[in-house]
Amino acid sequence: MTATVEFEAVDVNSEIGLMSVPRHVAIIMDGNGRWAQSRGLPRTEGHRRGVKTLREAVKHAQKRGISYLTLFSFSSENWSRPQQEVSFLMALLRRFVHDDLKELIKANVRVRVIGSKENLDKSLLTLLNDAELKTAHCTGLVLVIAFNYGARDEYVRAVRKLAARVEAGELKAADIGEDDVSACLDTSDLPDPDLIVRTGGEQRLSNFLLWQAAYAEFYFAPTPWPEFDSGAFDDALLAFSNRDRRYGGLSSDATGT
Ligand code: FPP
């Protein structure tokens, strides 16, 4: 199935002049609240519309042959929002997993959840674990939901794991390398993002995938998330395909003199 999707994707992609597709796209879905407020609607309406966009983004990522799509759905700092908004976001996540899981399995989508599991509501935790388990056999798009996620929190948890291994005598501090750190992050089984998109006009990372973003390309869209349709997604992909990724080296056409 994966090979077929990729083969078809090459065809549909060349139609819009897309010559290379990022393997892993990560998106900061920003601008929901402002989108709603500018229409005289409650901020929560923006989040509700955001779920519609999310579903379309998953389908579009599959169409383009993207292998990993990470979506920042709730940060470890979002708990400081008004209780009513936090509860609404929790309810949306529950409803999404509950209502969409069958459809995701049918579409061969594997769900992964990253973020801290500490102090999470038991039933929500069960639901998220269940989504991972029930889609573990899927071989198509990997949909990574960053929930209760903060990069610094992830990093602290990783440092604690490494320190415990040093304390237990399993590892020498001087032998710790980048791979050891990566292996202790929530994303240990995922490739680094190639493209990080932020919608809604702000240009910052907001504690998202700080370690993993080392060589990512960035794309900031003015479009608020509820309006980030497949055309806007394609604009981000086209911008990516025109970037010259050098990873600290020189481009292939540089002479070196
Ligand atoms: C940022 O917009 C967005 C969020 C904090 C939540 C994003 C959540 C969803 C799109 C839906 C829930 C997720 C799932 C997986 C079902 P903002 O509120 O900060 O917007 P603003 O900057 O305009 O205030």
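Order of appearance sets the numbers: ligands from 1, and atoms from 1 within every ligand. What you see is a predicted model, and the numbers here were worked out from it, not measured in a lab.
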Worksheet item: Should the pair R39-E227 be classified as a salt bridge under the 4.0 Å nitrogen-to-oxygen rule?
Response: yes
Worksheet item: Hey, does the side chain of S76 reach the backbone of N148 with a donor-acceptor pair shorter than 3.5 angstrom?
Response: no
Practice prompt. Could you check whether the rings of F147 and W79 sit parallel, tilted or perpendicular, using 30° and 60° as the cut-offs?
Written response: perpendicular
Discussion item. Whether the side chain of T53 engages the backbone of W225 through a donor-acceptor N/O pair (distance < 3.5 Å, no angle test) should be reported.
Written reply: yes
Extract all N/O-N/O pairs under 3.5 Å that connect ligand 1 to the protein, and present each with both atom names and the distance rounded to 0.1 Å.
| residue | atom | partner | partner atom | Å |
| --- | --- | --- | --- | --- |
| ligand 1 | 2 (O) | D30 | OD1 | 3.4 |
| ligand 1 | 18 (O) | R43 | NH2 | 2.9 |
| ligand 1 | 18 (O) | R81 | NH1 | 2.8 |
| ligand 1 | 19 (O) | D30 | OD1 | 3.2 |
| ligand 1 | 19 (O) | R81 | NH2 | 2.7 |
| ligand 1 | 20 (O) | D30 | OD1 | 3.4 |
| ligand 1 | 20 (O) | G31 | N | 3.3 |
| ligand 1 | 20 (O) | N32 | N | 3.2 |
| ligand 1 | 20 (O) | G33 | N | 3.1 |
| ligand 1 | 22 (O) | D30 | OD1 | 2.9 |
| ligand 1 | 22 (O) | R34 | NE | 3.2 |
| ligand 1 | 22 (O) | R34 | NH2 | 3.0 |
| ligand 1 | 23 (O) | G33 | N | 3.3 |
| ligand 1 | 23 (O) | R34 | N | 2.7 |
| ligand 1 | 23 (O) | R34 | NE | 2.8 |
| ligand 1 | 24 (O) | R43 | NH1 | 2.9 |
| ligand 1 | 24 (O) | R43 | NH2 | 3.1 |

Worksheet item: Taking atom types as modelled, is there a side-chain donor on Q83 or S87 under 3.5 Å from an acceptor on the other?
Response: yes
Practice prompt. Could you tell me the separation between the CG atom of D153 and the OG atom of S75, rounded to the nearest 0.5 Å?
Written response: 10.5 Å
